Amino acid sequence: MGSPKLETLVPLLSSFALFTVLLVIIPQGPIPAYASTLEAQALLKWKSSLHRNQSASSLSTWTLPPQNATDSNAAAASPCGWYGISCNLAGSVIGINLTSSNIIGTLDEFPFSSLPYLTYIDVSINELFGGISSQVSLLTNLTFLDVSFNRLSGIIPREIGELTKLEMLYLHSNELNGSILDEIGQLRMLNNLGLYSNQLDGSLPSSLGNLSSLAWLYISHNPLSGFIPLEMGNLTNLEEIYMSYNFLTGPIPPTFGKLMKLTELHVFRTELTGSIPSELGNLKLLRRLCLYHNNLTGSIPSTLGNLTELTHFYLHENQLSGNIPDELGNLRAMIHVELRQNQLTGPIPPSLGNLTDLRYLYLRRNRLSSSIPGSLGNLRAMLYLRLDENELTGPIPFSFGNLTNLLHLILHYNQLSGRWPIEGFSNTSLSVIGLSYNKFEGPLPLPSPSTYFYSIANNKIEGKISPSICIATILSFLILSNNSLIGSLPDCLSNFSIGLSVLDLRMNRLSGTISRRFSLRSSLRTLALSQNQFEGTLPQSLANCKNLEVIDFSNNKIEDNFPAWLGTLPKLKVLILRSNNFKGRLNFPRPI
């Protein structure tokens, strides 16, 4: 899924370019000879307010020469050689870069009024606390301000709107509260705005629409509420929007269709309602569309088939209905499609077979019907295919044998039928096979050596459990319950000594004795063999399964004394032995 991790990235390249430019800026007008000394003294006053033990090592160069220093040492009174300080050619401080400097303290004593030529401040990734002073407005030449990843609290001061030269403003990952003020809309030169991961509430001001230079907007992970302003459609230079993890309501503005430079649109895990505007189909540069976990309704617009640069398409966990548009087959760059947990109906479009770069297709938990199109076998790059919990019918297409990179195939809880196309799957790398609760019949399909989850319960699979099932050497879950399997348990099941966690063979016609070599060792947590025709005794080798939590041997023909070793299983929680012929008394040192 499109990744929220991107929300923590700061566009550093543009920052470094800006900082390089700052080094050659020369202030207008004459500078008094003592100006550098005054700036140094002002910075030292702030240093003295910080926690010395932690900050001393980073700011150890922040010192002035002794008062009896000669005139030849007067240059030493300048802060231009200090750690993190940059000056212009006239010797005035224009940049402060103290990112990741282990600084602990506040900005209360920061010399806003003493640094008139300051254009760049980066004090990110420290342990600053307290508020942002309204005196920040005195830095009228400031173009870059980054105080992110600290513990700053309080409101964003209105006076920040007076920094009209500001191009980069990063306040994210703090504890700021209050609302996003209308005054933010005065920063018309702003290119990057980072406010995410704070405690900002209230609605988004319509004045955001004035930020005509804005390219990146990050406001995720706040308790923001209210509608998304229509005026945001004026931000025609926007390239990335991150507005997820909020409480935003109302519709997606159709004016978003004017954001022709947009490459990333993330408005997931909010409370949006209404339909997806067809105007989003105008965003020809869009690569990621993430609108999942909202309350969106209506159909998927066919115009989204115009987004030919799209690689990640996340609409899951909404209330979308109607058919999946055939036009999605035009999105040849697609890598990941998530449409699960909606109310989509109709067939799976055969056109999805055109998405030859697709690796993840999740259509589970909808109401899709009809058969699985054979064209999905064209998706040779596919890794994960989940079509479970729908109303699909018919057989598994033989063409699925072309999916040689497929790792997960989950089709359970449908109405699929027919036989498993064994020959077609001989070369796959499947590690998860889920076919339960369908109408499959015929012989048992065999897993691949890399299979760790294998579930074919509640079908009409018949025949013996072949010893060749043990080629799945890393099997963790083997669930074959409620079929028509016959014969005995292969001794080779004991080979799964490393990872087998669940063995569920209930409701079959398995018979014979359970081999004394059948131990499965320490990994097994659930052993369910009920409603078969096993006989003989319980093998004492099961005492080696010290992680067993569930044992169900009910409804078989086992004749045995209650074995004492059952009381040695420290994690046993469920023991069901009814409808057998056990004798004696069962003694446990503890209740289960």
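The structure presented is a predicted model; accordingly, all values stated were derived computationally and were not measured. Sequence positions, counted from 1, serve as the residue numbers for this chain.
Remark: the backbone N or O of Thr297 is not paired with any side-chain donor or acceptor of Asn295 at under 3.5 angstrom. Side-chain atoms of Asn581 do not come within 3.5 Å of backbone N or O of Ile558 as any donor-acceptor pair. Not one N or O on the side chain of Asp201 forms a donor-acceptor pair closer than 3.5 Å with the backbone of Leu224. No donor-acceptor distance shorter than 3.5 angstrom exists from the side chain of Ser302 to the backbone of Glu327, with no hydrogens or angles considered. Under a 3.5 Å cut-off, the side chain of Ser321 and the backbone N or O of Gln343 do not form any donor-acceptor pair. Of the possible polar contacts, none joining the Ser530 side chain to the Arg506 backbone as a donor-acceptor pair under 3.5 Å is found. Using modelled atom types, no side-chain atom of Asn402 and backbone atom of Phe400 make a donor-acceptor pair closer than 3.5 Å. Of the possible polar contacts, none joining the Asn532 side chain to the Leu485 backbone as a donor-acceptor pair under 3.5 Å is found. Looking only at distances, no side-chain donor or acceptor of Asp560 sits under 3.5 Å from a matching main-chain atom of Asn580. Between the side chain of Asp326 and the backbone N or O of Ser351, no donor-acceptor pair lies under 3.5 Å.
When every heavy atom of Arg380 is checked against every heavy atom of Asn405, the shortest pair comes out as O-ND2, 2.9 Å. Considering every non-hydrogen atom in both Asn198 and Pro223, the closest pair reads O-CD, 4.2 Å. Among all heavy-atom pairs drawn from Leu352 and Leu376, the shortest one is CB-CD2, 4.1 Å. Across every non-hydrogen atom of Ser468 and Ser466, the tightest pair is OG-OG, 2.6 Å. In plain terms, the two heavy atoms of Leu572 and Leu566 that are nearest each other are CD2-O, 4.2 Å. Of all heavy-atom pairs spanning Ile461 and Leu444, the tightest one is CG2-CA, 3.4 Å.
We find the CZ-CG distance between Arg332 and Asn330 to be 7.0 Å, quoted to the nearest 0.5 Å. Atom OG of Ser481 and atom CG of Leu478 lie 10.0 Å apart (nearest 0.5 Å). Leu363 contributes atom CG, which lies 8.0 Å from atom CG of Leu344 (distance to the nearest 0.5 angstrom). For the atom pair CG (Leu435) and CG (Asp388), the distance works out to 10.5 Å, reported to the nearest 0.5 Å. Atoms CZ and CG, on Phe247 and Asn222 in that order, are 10.0 Å from each other to the nearest 0.5 Å. For the atom pair CD1 (Ile576) and CG (Asp552), the distance works out to 4.0 Å, reported to the nearest 0.5 Å.
None of Glu338, Glu389, Glu317 except one satisfies the salt bridge (charged side-chain N to carboxylate O under 4.0 Å, His left out) rule with Arg365; the exception is Glu389. Each of Thr249, Thr270, Thr273 was checked for a side chain to side chain donor-acceptor pair (under 3.5 Å) with Asn294, and the lone residue meeting it is Thr270. If you run ring pair (Phe, Tyr, Trp, His ring centres under 6.0 Å) between His172 and each of Trp216, Tyr218, Phe149, only Phe149 comes through.
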### Message
Between Ser455 and Ser436, does the side chain to side chain donor-acceptor pair (under 3.5 Å) criterion hold? Intermediate values first, please.
### Response
CA-CA 6 Å; Ser455 175; Ser436 302; 2.3 Å; yes
### Message
Quick one, His266 with Tyr242, criterion ring pair (Phe, Tyr, Trp, His ring centres under 6.0 Å). Give me CA distance, side-chain angles, the key distance, then yes/no.
### Response
CA-CA 5 Å; His266 300 264; Tyr242 287 83; 4.2 Å; yes
### Message
Between Leu527 and Phe553, is the side chain to side chain contact (heavy atoms under 4.5 Å, CB included) condition met? List the steps.
### Response
CA-CA 8 Å; Leu527 177 60; Phe553 280 100; 3.7 Å; yes
### Query
Checking ring pair (Phe, Tyr, Trp, His ring centres under 6.0 Å) for the pair Tyr292/His316: CA distance, chi angles, key distance, verdict?
CA-CA 5 Å; Tyr292 66 88; His316 51 285; 4.3 Å; yes
#### Entry: Test log, rule side chain to side chain contact (heavy atoms under 4.5 Å, CB included), inputs Met382 and Leu358
CA-CA 6 Å; Met382 183 72 72; Leu358 196 63; 3.9 Å; yes
### Message
What verdict does the side chain to side chain contact (heavy atoms under 4.5 Å, CB included) test give for Ser431 and His408, after you've listed the backbone C-alpha separation in whole Å, the side-chain angles of each residue and the deciding distance to 0.1 Å?
### Response
CA-CA 6 Å; Ser431 59; His408 288 202; 3.6 Å; yes
### Message
Working note: Ser244 + Arg269, criterion side chain to side chain donor-acceptor pair (under 3.5 Å); need CA distance, chi angles, decisive distance, verdict.
### Response
CA-CA 6 Å; Ser244 52; Arg269 290 196 179 274; over 6 Å; no
### Message
What verdict does the side chain to side chain contact (heavy atoms under 4.5 Å, CB included) test give for Leu291 and Leu320, after you've listed the backbone C-alpha separation in whole Å, the side-chain angles of each residue and the deciding distance to 0.1 Å?
### Response
CA-CA 11 Å; Leu291 303 177; Leu320 299 171; over 6 Å; no
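A heavy-atom distance below 4.5 Å is found between the side chains of Ile252 and Leu272. Here the side chains of Met243 and Ile228 are in contact, with some heavy-atom distance below 4.5 Å. Between Thr526 and Asp504 there is no side-chain heavy-atom pair separated by less than 4.5 Å. Under the 4.5 Å side-chain criterion, counting only non-hydrogen atoms from C-beta, Lys460 is not in contact with Arg419. Counting heavy atoms from C-beta outward, Gln533 and Arg509 have side chains that approach closer than 4.5 Å. Side-chain contact between Ile551 and Leu569 is present, with heavy atoms from C-beta onward closer than 4.5 Å. For the pair Leu529 and Leu510, the minimum side-chain heavy-atom distance is 4.5 Å or more. Looking at heavy atoms from C-beta onward, Leu259 lies in side-chain contact with Ile241 at the 4.5 angstrom threshold.
A donor and an acceptor atom, one from each side chain of Ser429 and Ser450, are nowhere located under 3.5 Å apart. With hydrogens and angles left out, the side-chain atoms of Tyr362 and Gln341 include no donor and acceptor closer than 3.5 Å. Counting only N and O atoms by type, the side chains of Arg525 and Ser501 include a donor and acceptor under 3.5 Å apart.
Counting heavy-atom neighbours within 6.0 Å of Phe534 CZ, excluding the residue itself, gives a total above 12. Within a 6.0 Å sphere centred on CZ of Arg367, other residues, nucleotides and ligands contribute 12 heavy atoms or fewer. In Gln540, the CD atom is not crowded: 12 or fewer heavy atoms of neighbouring residues, nucleotides or ligands sit closer than 6.0 Å. Atom CZ of Phe453 has more than 12 neighbouring heavy atoms from other residues, nucleotides or ligands inside a 6.0 Å radius.
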